[in-house]
Amino acid sequence: MWATRHLLRKTAAIPCRSLSHAAAAALSHEPVLFSYDDVEGLPKPDPKFNETIFAIPRIDSGKRTRNKERKAGRVPSIVFEQENGQEGGNKRLISVKNTQIRKLINHVGYSFLLSRLFYLEVRADFDSDEIIEKVRALPRKLHLHSGTDAVLNITFLRAPSDALLKVDVPLVFQGEDVCPGLRKGSLLNTIRRTVKYHCPADIVPPYIEVDLSELDVGQKLVMGDLKVHPALKLLHSPDEPVCKIMGGRASQESRKSK
């Protein structure tokens, strides 16, 4: 990432004893690990939503097997290694409990579920003590039935500390009550509700705060304005708009009366 490359160029001629831990690790080809505490004021995952998702192996990926799993109250799923931030090799077919996934969706929210890491524990059977695999994972894709919102399938990505994950991070808008433009009667035009980043696995943001408290009529925020950890790589143009304060009827009448 730019910050790490810049740091390496700046410190290349300095003896290793004077390097930061992150820079020394980068020069020795060790993974550079990041923390939410690197930057103050950024949202952190709420520990009350910490949960282990339980799964069992699934032998077949055919339509008949998937329908059988759903009738049994299970959601057919897959867990991958990440490659270039997306699903890649080392695929394992699994099934998870529909009741557990539905509870997580209801508690966390659809978009927020896809920007949160969970521990995924694969057992020989749900009642078995034999653990086949336990790994931190990101729910990468969640497919719901268009008519009933029933959970049809989930794709997980393994998320060790050295993984780089492509994540659609949800936006949370704040400051509407003091926003100058909104107080004048204008309207908030929300153009984006999620923004895609490449994220080191240890600092996947649960959401990004969008501060509206200083926006006046006609002003907008773009993706480059969003405050995120510097190790995150934006996968859009920084000039792409996120939201804009649109002139409303009340504000137009106020201007005419002056």
Side-chain angles (χ1 to χ4, degrees), residues 1-5 7-8 19-39 42-58 75-97 100-101 104 108 111-124 130-142 153-170 194-208 228-235:
M1 296 178 184
W2 182 89
T4 302
R5 292 197 299 267
L7 179 61
L8 293 181
L19 294 177
S20 69
H21 173 74
L27 288 176
S28 63
H29 305 290
E30 296 179 4
V32 179
L33 305 183
F34 299 96
S35 166
Y36 290 104
D37 296 328
D38 294 340
V39 180
L42 296 181
K44 301 178 182 180
D46 190 334
K48 75 178 181 181
F49 294 121
N50 287 350
E51 187 163 347
T52 297
I53 297 176
F54 296 100
I56 58 174
R58 179 167 53 93
V75 179
S77 310
I78 304 176
V79 57
F80 287 98
E81 299 289 355
Q82 63 85 27
E83 290 183 2
N84 298 320
Q86 305 185 80
E87 57 266 26
N90 194 13
K91 177 174 72 173
R92 184 190 293 277
L93 299 177
I94 59 173
S95 291
V96 296
K97 292 181 179 180
Q100 185 178 26
I101 300 304
L104 288 173
V108 180
S111 297
F112 296 89
L113 183 68
L114 301 181
S115 63
R116 184 173 182 89
L117 301 184
F118 297 89
Y119 276 99
L120 180 67
E121 187 170 293
V122 184
R123 294 178 174 244
E130 179 187 350
I131 299 177
I132 299 172
E133 179 181 17
K134 184 171 183 178
V135 63
R136 190 174 62 170
L138 173 76
R140 176 72 173 84
K141 296 177 182 177
L142 178 62
N153 53 65
I154 306 177
T155 299
F156 294 94
L157 283 180
R158 294 178 178 88
S161 290
D162 61 349
L164 186 66
L165 306 171
K166 187 179 290 185
V167 185
D168 276 314
V169 185
T194 64
V195 178
K196 194 181 297 291
Y197 288 88
H198 264 146
C199 306
D202 285 346
I203 53 169
V204 174
Y207 58 89
I208 296 171
V228 297
H229 194 289
L232 270 60
K233 179 182 178 182
L234 180 64
L235 296 179

**Residues in salt bridge (Lys or Arg N to Asp or Glu O under 4.0 Å) contact with Lys196, at least two apart in sequence or another chain** = Asp168

**Asked** In Å and rounded to the nearest 0.5 Å, what is the NE2 to OG distance from His229 to Ser35?
**Response** 7.0 Å

**Request:** Could you point out which residue of Ile203, Asp202, Val204 forms a side-chain contact (heavy atoms from CB on, under 4.5 Å) with Pro200?
**Result:** Ile203

**Message:** With a 6.0 Å cut-off (strictly less than), is the heavy-atom count around CZ of Phe49, excluding the residue itself, greater than 12?
**Reply:** yes

**Asked** Which is it for Ile132 and Ile56 under the side-chain contact (heavy atoms from CB on, under 4.5 Å) test, yes or no, and what are the steps along the way?
**Response** CA-CA 9 Å; Ile132 299 172; Ile56 58 174; over 6 Å; no

**Request:** Side-chain contact test, heavy atoms from C-beta onward, threshold under 4.5 Å: evaluate it for Pro206 versus Asp46 and give yes or no.
**Result:** no

**Prompt:** What are the two closest heavy atoms between Leu165 and Leu117, and how far apart are they?
**Reply:** CD1-CD2, 4.2 Å

**Message:** Restricting to non-hydrogen atoms, name the atom on Arg136 and the atom on Pro160 that form the minimum distance, rounded to 0.1 Å.
**Reply:** NH2-C, 3.6 Å

**Request:** Just jot down the side chain to side chain contact (heavy atoms under 4.5 Å, CB included) partners of Pro205, sequence neighbours excluded, or say none.
**Result:** Val169, Cys199, Leu232

**Prompt:** Arg92: what forms a salt bridge (Lys or Arg N to Asp or Glu O under 4.0 Å) with it, not counting sequence neighbours?
**Reply:** Glu133

**Request:** Measure the spacing between NZ of Lys91 and OG1 of Thr155 and express it to the nearest 0.5 Å.
**Result:** 10.0 Å

**Request:** Any chance you could measure Ile131, atom CD1, to Arg123, atom CZ, to the nearest 0.5 Å?
**Result:** 4.5 Å

**Message:** So Tyr207 and Ser111, do their side chains get closer than 4.5 Å, heavy atoms only?
**Reply:** no

**Asked** If you look at every heavy atom in Glu81 and Leu157, which pair is closest and at what distance?
**Response** O-CD2, 3.6 Å

**Complete:** Distance col, row Phe118:CZ vs Leu113:CG, nearest 0.5 angstrom, shows 5.0 Å

**Prompt:** Where do Asn153 and Lys141 land on the side-chain contact (heavy atoms from CB on, under 4.5 Å) test, with the steps shown first?
**Reply:** CA-CA 8 Å; Asn153 53 65; Lys141 296 177 182 177; over 6 Å; no

**Message:** To the closest 0.5 Å, what do you measure between OH (Tyr197) and NZ (Lys233)?
**Reply:** 13.0 Å

**Message:** Side chains of Val122 and Val135, heavy atoms from C-beta outward: is any pair under 4.5 Å?
**Reply:** no

**Asked** Given Leu120 and Ile94, is the side-chain contact (heavy atoms from CB on, under 4.5 Å) satisfied, shown in steps?
**Response** CA-CA 11 Å; Leu120 180 67; Ile94 59 173; 3.9 Å; yes

**Asked** Out of curiosity, Ile154 CD1 to Arg140 CZ, how far, rounded to the nearest 0.5 Å?
**Response** 14.0 Å

**Flag, side chain of Gln100 to backbone of Phe54, donor-acceptor distance under 3.5 Å** = yes

**Request:** Heavy atoms only: give me the nearest Pro57-Ala124 pair and the separation to one decimal.
**Result:** CD-O, 4.0 Å

**Asked** For Leu235 and His198, which heavy atoms make the closest approach, and how far apart are they?
**Response** CD2-ND1, 3.7 Å

**Request:** Heavy atoms only: give me the nearest Pro76-Ser95 pair and the separation to one decimal.
**Result:** CA-OG, 4.0 Å

